[in-house]
Undergrad: 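The structure under discussion is supplied below as structure tokens; questions concerning it will follow.
Both backbone and side-chain heavy atoms feed into the values below; hydrogens, waters and symmetry mates do not.
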Amino acid sequence: MSTTIVIPERFDFSFHKSFTDQYNKLLEDNAGATITLDFSRVMYLDSAALGMIVLLQKRAKANHRDVEIANASGTALEILEIANFDKMVKIR
């Protein structure tokens, strides 16, 4: 099973349920695997999205798992860097 969550172009609270359902399933099914958030499509993210990533990171850490963000670019990458998310999760 894949450990990647593909994030939509607009990452905001409207994606909360889907995001939470996906990472809960990954936390249950893939012991030890890193959870990758694929940001290749993301053009917009807001504070709710940042909060969802923080919550995922806390849940993953409690389950001895890592979280990484892949393919972030443009404004999305700038927001992640300004918010110092590179100190919390690996950004590649």
Undergrad: Nearest 0.5 Å, please: how far is CD in Glu9 from OG in Ser40?
TA: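 If I round to the nearest 0.5 Å, the distance is 11.0 Å.
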
Undergrad: Exactly one of Lys58, Gln57, Met52 should register a side chain to side chain contact (heavy atoms under 4.5 Å, CB included) with Val54. Which one does?
TA: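 Option passing the side chain to side chain contact (heavy atoms under 4.5 Å, CB included) with Val54: Lys58.
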
Undergrad: Under a 4.5 Å cut-off applied to non-hydrogen side-chain atoms, are Ile35 and Arg65 in contact?
TA: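 Ile35 vs Arg65: side chains touch.
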
Undergrad: If you apply the rule side-chain contact (heavy atoms from CB on, under 4.5 Å), what do you find for Ile69 with Arg92, and how did you get there?
TA: CA-CA 6 Å; Ile69 295 172; Arg92 60 175 180 87; over 6 Å; no

Undergrad: Only one of Val67, Leu26, Val89 forms a side chain to side chain contact (heavy atoms under 4.5 Å, CB included) with Leu56, so which one is it?
TA: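 Only match with Leu56 under side chain to side chain contact (heavy atoms under 4.5 Å, CB included): Val67.
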
Undergrad: Got a second to check how far Phe85's CZ is from Ile79's CD1, nearest 0.5 Å?
TA: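 Result: 10.5 Å between the selected atoms.
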
Undergrad: Determine whether the side chains of Asn24 and Arg59 contain a donor N or O and an acceptor N or O closer than 3.5 Å.
TA: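 Side chains of Asn24 and Arg59: pair found under 3.5 Å.
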
Undergrad: Is atom OH of Tyr44 surrounded by more than 12 heavy atoms (other residues, nucleotides or ligands) closer than 6.0 Å?
TA: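 Count over threshold, so yes.
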
Undergrad: Would you kindly confirm whether Val6 and Met43 end up in one hydrophobic cluster when ILVMFWY residues are joined by side chain heavy atoms under 4.5 Å apart?
TA: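 No; Met43 is not reachable from Val6 via cluster members.
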
Undergrad: If only side-chain N and O atoms count, and only distance matters, is there a donor-acceptor pair under 3.5 Å linking Glu68 with Thr36?
TA: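 Per modelled atom types, Thr36 and Glu68 side chains form a pair under 3.5 Å.
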
Undergrad: Do Asp86 and Asn84 come close enough that some side-chain heavy atom pair is under 4.5 Å?
TA: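 Touching, per the 4.5 Å side-chain cut-off.
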
Undergrad: Within the 4.5 Å heavy-atom criterion, are Tyr23 and Glu28 side-chain neighbours or not?
TA: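 No, their side chains stay 4.5 Å or more apart.
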
Undergrad: What is the distance from atom CG of Leu45 to atom CZ of Arg10, rounded to the nearest 0.5 Å?
TA: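 These two atoms lie 10.5 Å from each other.
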
Undergrad: Once you round to the nearest 0.5 Å, how far does CG of Leu37 lie from NZ of Lys90?
TA: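 Here the rounded value is 13.5 Å.
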
Undergrad: Between Ile5 and Asp38, is any pair of side-chain heavy atoms under 4.5 Å apart?
TA: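 No, every pair of side-chain atoms sits at 4.5 Å or beyond.
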
Undergrad: For Ala33 and Thr3, work out which heavy atoms get closest and say how close.
TA: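 Heavy-atom minimum between the residues: CB-CG2, 3.4 Å.
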
Undergrad: Within the 4.5 Å heavy-atom criterion, are Phe39 and Leu80 side-chain neighbours or not?
TA: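 Yes, close enough: below the 4.5 Å cut-off.
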
Undergrad: Before giving the answer on ring pair (Phe, Tyr, Trp, His ring centres under 6.0 Å), spell out for His16 and Phe13 the whole-Å C-alpha distance, their side-chain angles and the decisive distance to 0.1 Å.
TA: CA-CA 5 Å; His16 179 267; Phe13 190 76; 5.0 Å; yes

Undergrad: Give, for atom CG of Leu77 and atom CD1 of Ile82, the distance between the pair rounded to the nearest 0.5 Å.
TA: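 Interatomic distance, Leu77 CG to Ile82 CD1, rounded to 0.5 Å: 9.5 Å.
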
Undergrad: Of all heavy-atom pairs between Val42 and Phe11, which one has the smallest distance, and what is that distance?
TA: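 Heavy-atom minimum between the residues: CG1-CB, 4.5 Å.
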
Undergrad: So how far is it from Leu27 CG to Asn63 CG, rounded to the nearest 0.5 Å?
TA: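 It comes to 5.0 Å.
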
Undergrad: Taking 4.0 angstrom as the limit, do Asp21 and Lys25 come out as a salt bridge?
TA: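 No, no charged N to carboxylate O under 4.0 Å.
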
